[in-house]
Structures are given as C-alpha cells and as structure tokens.
Trainee: 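Just dropping this structure here.
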Amino acid sequence: MKILILGAGAVGGYWGARLHQAGVDVTFLLREKRAETVRKNGLVVKSPKTGDAALPVKVVTRGSEGGPYDVIILACKGYDLASAMDAVAPAVGANTTIVPILNGHMHFAALDARFGKDKVAGGLARISGMLGPSGEILNSGGTGVSFGERDGKAARPALVELDAACRKAGIAGGLHANINQDLWDKWIMLGAIASMCGAMRGTVGDIMESDEGAAIMAEILEECRQVAAAEGYPPSGEVVGAIRTSLTQKGGKSVASILGDIEKGGAIEAKSIVGDMLARARKFGVAAPNLRFAYAHLQTYEARRARGGLK
Amino acid sequence: MKILILGAGAIGGYVGGRLHQSGADVTFLVRPARQQVLQRDGLVIKSTKGDITQKVKTVLKGSEGGPYDLVLLTPKAYDLDSAIEAIAPAVGSNTTVVPLLNGMRHLDVLDARFGKGKVVGGLARVGVAMSTEGTILHTSPFAAVSFGERDGKPPRQALAELDAAIKKSGIDGGLHGNIVQDLWDKWIMLCSLAATNCLMRGSSGDILEADEGRAIVMETVDECHKTAAAAGCDPGEAGMQTIRSFLTVKGSRFTASMLHDLEKGAMVEADHIVGDMIARAKKAGISTPNLRMAYAHLQVYLARRARAG
C-alpha cells in the first residue's frame, strides 16, 4: 500500500514518521521550503514518550509525482484546505481513498464536492505537538489517530490496511466503527477548549483562576454537546464527563493550540472550529451565548491581524 | 488656598502643572525618585496646549507643608490604599479630598477613612501619559476636570476656589452641578469600552468587523446603562446615544487604556471598572452576561500575569 501525506507538521509528520519507521511506504507532499528542510535534515521527530528519530523519508513537491497512491492523508489546517485540495488532486486516482484529519466538519462538503463522497473517509488525529525552530517535530504526548467509513458500513480494504499499518507502527486508535461520532466527540472538546483558551487567552488552569471560569467552560461545553446531539451524534455521558473533568481541572496545563497561533500572530481555524459550531447551534435553535463571544473574539483577532494591527 | 496633589504622574502632573503655572499654590506629594527628577529637571509638560518646564514644590510626606485646603488624588484604583495612607497626614479638619478616579468604589473607601463630609466627587478627562524620563506628554486636544458636591448642594468655599483656579489655568470643566451623574456617564462609557476592547482584544473598529461585534458592544452598553439607572443615575437618551455612537465608529482605532495595559503586561483596574459594575448590577437584579465574560477574561489575564511573576 502506498500512502501520501500532505504536510509534515506536528500531526501528519508525526504519524507519517512512525509509519515510515514501521516499514510502510509513505511519501510526503510538501511545499518547496519544507521539502528542502526535510531532504536536508531528514524528518526529525522528538518525543519524550515514543523516542527521537531523524528519518530519510520520501518527499515530493507535486501530487503528480510518485503515484498512484492508495491512501492520501490530508493533514492541513482548515484555512489551507483549498490549496491542499489543489495540491493532492493530481495524486487522486480511481482507487484512492482520502483520509482528512482536519478539525470540525466543514471540510467534508468541500472534499466531497471535489473528489466524490465515496473517496472521502472520516478521520481525526489526537496527536499533540508543534514544530521546533529548525522544523523538527516536537511531540508532546497524544499519539493516536482514528478513521473509518462515514456511512458506518464495513471498512474498505485500504482502511483495513491502514489500520494494520498503524498497529505495526505503534499508533493508537486506528479503524473506528463510528467515525462520525468520534469526530463529534473530538469537536465538542476542541470547540470548548479552543473557544475558551482563545477568548480568555490562557490555559485551562488560568481560566479556572477566574470566578466564573469553570462555569463558563462548563456552559460552552454544554452548548457544543447540544449541537452534537441535535446533529444526531449525542456524546455519551462518559465522554462528556471526561471532557468536563479535563477542561475544568484546577491548575490544568491543557491549552488549545489556537492560543499559540494567536500569540505568534498566525492564522487560526476560527471558522471551522468555533464559527461552524455556532452556525449549527443557530440552525438548530440551540442557545450558544458563550460560543458567540468566543467567535467574536476570534473574528476580532482576524480583523486586527488582517489590518496589520497586531504588535 | 493650598493644594496638595498626590503624585506627579500623567494626570496629577498635568493638572497640577497647569494650576501652578497660573499662580495657584500647589505642592506635589511624591516618592524620593520622582522628587529627584523634579528637582533636577523641573516639571516638564509637552502639550498640544503649549510646552512648559517649571520648578514646583514637592514634599515626601503628607505631614509636610500643610495644612492643605484641598488634596487632589489621581492614583490607579489598585493603588488606592497606599494613596490613602500617603495623604492621611495631610487631611486636616478643614481639608477637602478630591479624588479624580474612574468608577465609584473608591468613594466608599475614602468616605470610610476620612468621613463623607470631606470627600467630594471628581473626574479627569485628560489624554495624557508620562514618558520614562518623567515628561508629561499631553498629546490629545482635550484636558478637562470636573468636580462637585455629591449631595448636589451648593459647593463649599474650597470647591468654588478650585473652580476659579481651574478656569484660570486653561483646563476645561470645573464645578459640576451633578458630579455623581457625570461619574456614572463616564463609567458607563469606560466600562463598556474597556470590557469590550479587552474581551475581544481589539479596537472598537476591529470589534465591529466581527459578525456579532456591534450587537455585543450594544448589549454591554445596555448592561452598564441599566446598572446606572438602578442607581438613580440614568444618563438619559441623549447621553446614551453619545456613548453608543462613540463605541461604534466603523474603522475606529480607539482603544481603552486598559487594553494597552493588558498588551504590555501591566496591572489593570479590572475590579474597579468592570468587577464593581457587575457587583452593583447583581445587587439590583440586573443580568450582565457580557460583563461577566469580560471580567473572566481580565481575571484570567491577572492570574496568568501573577503566574509569570
């Protein structure tokens, strides 16, 4: 099985590196600058949990090279989806399966329209980390992935093979029988933590230091939960309880990566993580006052960034 | 009439400097480092209304140079306690204390310490800052103070004299017939501005770019308006319209100074400007979801600031 991974960042890069180490045929589709770094230094991964490596991985800068591919893993940010689709389009053959691991749900409509619904599986990653100053992947825990058929039917051979490859590579998770539910479970967690860490500009622990922080966090999670339920994917009480516990932990170090992006003046996935959740809340008549504040905060940030008004 | 001014920072330095320049008997109560600079360089004002460098009287203790007829104080609200300690020895039986602070809570604290009869209401509207070298930089076209009796009775002699001195100094404003309303008017504006600018981390113009930005600003103004009305100080429709228009100028780069403080990691008057508005709203049974969110944002900032040391 040949796998193409678009992007070699903290998520796609980590996943691909471990697959490569396990002997899987992985190629990275990268922009010129990133390709140069990876060709020169190898794909460098540092992880206190799963070990360091510098890997001579296969790199292409055009989707037309090195194919055809059985699986394409799309590990880009939501705001880069359009250019990512253009980049992988030449690599998509008649038997290719696309596994997007973007946050939220907005990307499915665009991918389905471009490549056909049957080519697009569901997927997500629970891999946390960031890129270091010389392009090395600094993994900070969380090394799991999840993917599966969105219609809930038996998995196609490519996904079964990807599942086997992940097991061999020591990647947790793998094939999921109800990937839609898993996507919603992740989104409600992310919707809540990204909204709060973004709009409050602090970690979970910092937020818990304010009088109303724990209450607001619980409310915003409930807003997201109600949206998921209205969409037909009510998360189990157990899932919601675990998220609530982790997001209201006194002294908690958890923080959404959107805060790091904001603080370095970068682009953020405001619309796909928070804006679309708010839009769905509106559609279903779910009151979402806290998501509304958070989205206004993120849009204000984007407006200020666009006018060059960030210091 | 002898006037003591606590501090020779941006507002105190500007107001005191203009009073001194026009012949008023002004003394500045300052810390040793500031005294050294003032003795060496004089009090330096660079202003849209004219620059001036002048020698001024300074003391290091409130017990020196008195008794004073008036004590003007312009501290940040979070420095109020130490300001009170500093001026206490200067407050005699006939002294009037004129605080030029935003918000309302300081009045309760000052009343408790000095007695309600000694404390009047006051407010400064001066767009001014102090450079690291201690120069007072007055860059805006406006410089006004207002003050008056909080019970609305005719002003005591000291305030009438201060009014005359202010008019002579070229500073706008002066005696106000309803200073408590004026305090609320400014607080509604400032609290709405600071709460929304800080919660959204942007200028009023930036906030208007968000889908719900305008609605959120308007709701925040409403929360403050209702709280003022419950305190018997509704600014009225014209007053409210002025505030709303000011906060919703498309493209405005205007920001609350609290946002500057946030972005440079400085202390903020969160409790005084936003927290106390929420407390008063709560007492009156008014719900304030927007101020609640803004106050949480400010508290998170303060927690993070404390954590960073």
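Here is the naming used below: chain letters follow the sequence lines, and residue numbers restart at 1 for every chain. Just so you know, these numbers use all the heavy atoms, side chains as well, and skip hydrogens, waters and symmetry mates.
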Trainee: With chain B, which of A:Gly202, A:Ala294, A:Ala296 has the greatest number of heavy-atom pairs at distances under 4.5 Å?
Mentor: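 So the answer, after comparing A:Gly202, A:Ala294, A:Ala296, is A:Ala296.
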Trainee: For the interface with chain B, which of A:Met200, A:Glu302, A:Glu209 has the highest count of heavy-atom pairs at distances below 4.5 Å?
Mentor: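 Top option by heavy-atom pairs under 4.5 Å: A:Met200.
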Trainee: Is any side-chain N of the basic residue among B:Asp108 and B:Arg280 closer than 4.0 Å to the acidic one's carboxylate O?
Mentor: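 Salt bridge: yes.
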Trainee: Output yes when B:Asp206 and A:Arg305 qualify as a salt bridge under the 4.0 Å nitrogen-oxygen rule, no when they do not.
Mentor: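 Between A:Arg305 and B:Asp206 there is no salt bridge, as every charged N stays at least 4.0 Å from the carboxylate O atoms.
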Trainee: Parallel, tilted or perpendicular: which describes the rings of A:Tyr233 and A:Trp184, with under 30° parallel and over 60° perpendicular?
Mentor: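 Ring orientation of A:Tyr233 relative to A:Trp184: parallel.
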Trainee: If I compare all heavy atoms of A:Leu259 with all of B:Arg304, which pair ends up nearest, and what's the gap?
Mentor: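 Nearest heavy atoms, A:Leu259 then B:Arg304: CD2-NH1, 4.2 Å.
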Trainee: Under 4.5 Å heavy-atom distance to chain A, tell me which part of B:Ala294 shows up: side chain, backbone, both or neither.
Mentor: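 Neither part, no heavy atoms under 4.5 Å.
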Trainee: Using a cut-off of under 4.5 Å on heavy-atom pairs, state which of A:Leu310, A:Ile262, A:Asn290, A:Ile216 scores highest against chain B.
Mentor: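 Looking at each of A:Leu310, A:Ile262, A:Asn290, A:Ile216 in turn, A:Ile216 comes out on top.
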Trainee: Heavy-atom cut-off 4.5 Å, strictly under: side chain, backbone, both or neither for A:Ala215 against chain B?
Mentor: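 Answer is both: backbone and side chain atoms of A:Ala215 are under 4.5 Å from chain B.
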Trainee: Whether A:Arg126 and A:Asp182 form a salt bridge (side-chain N of Lys/Arg under 4.0 Å from carboxylate O of Asp/Glu) is what I want to check.
Mentor: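 Yes, A:Asp182 and A:Arg126 are salt-bridged.
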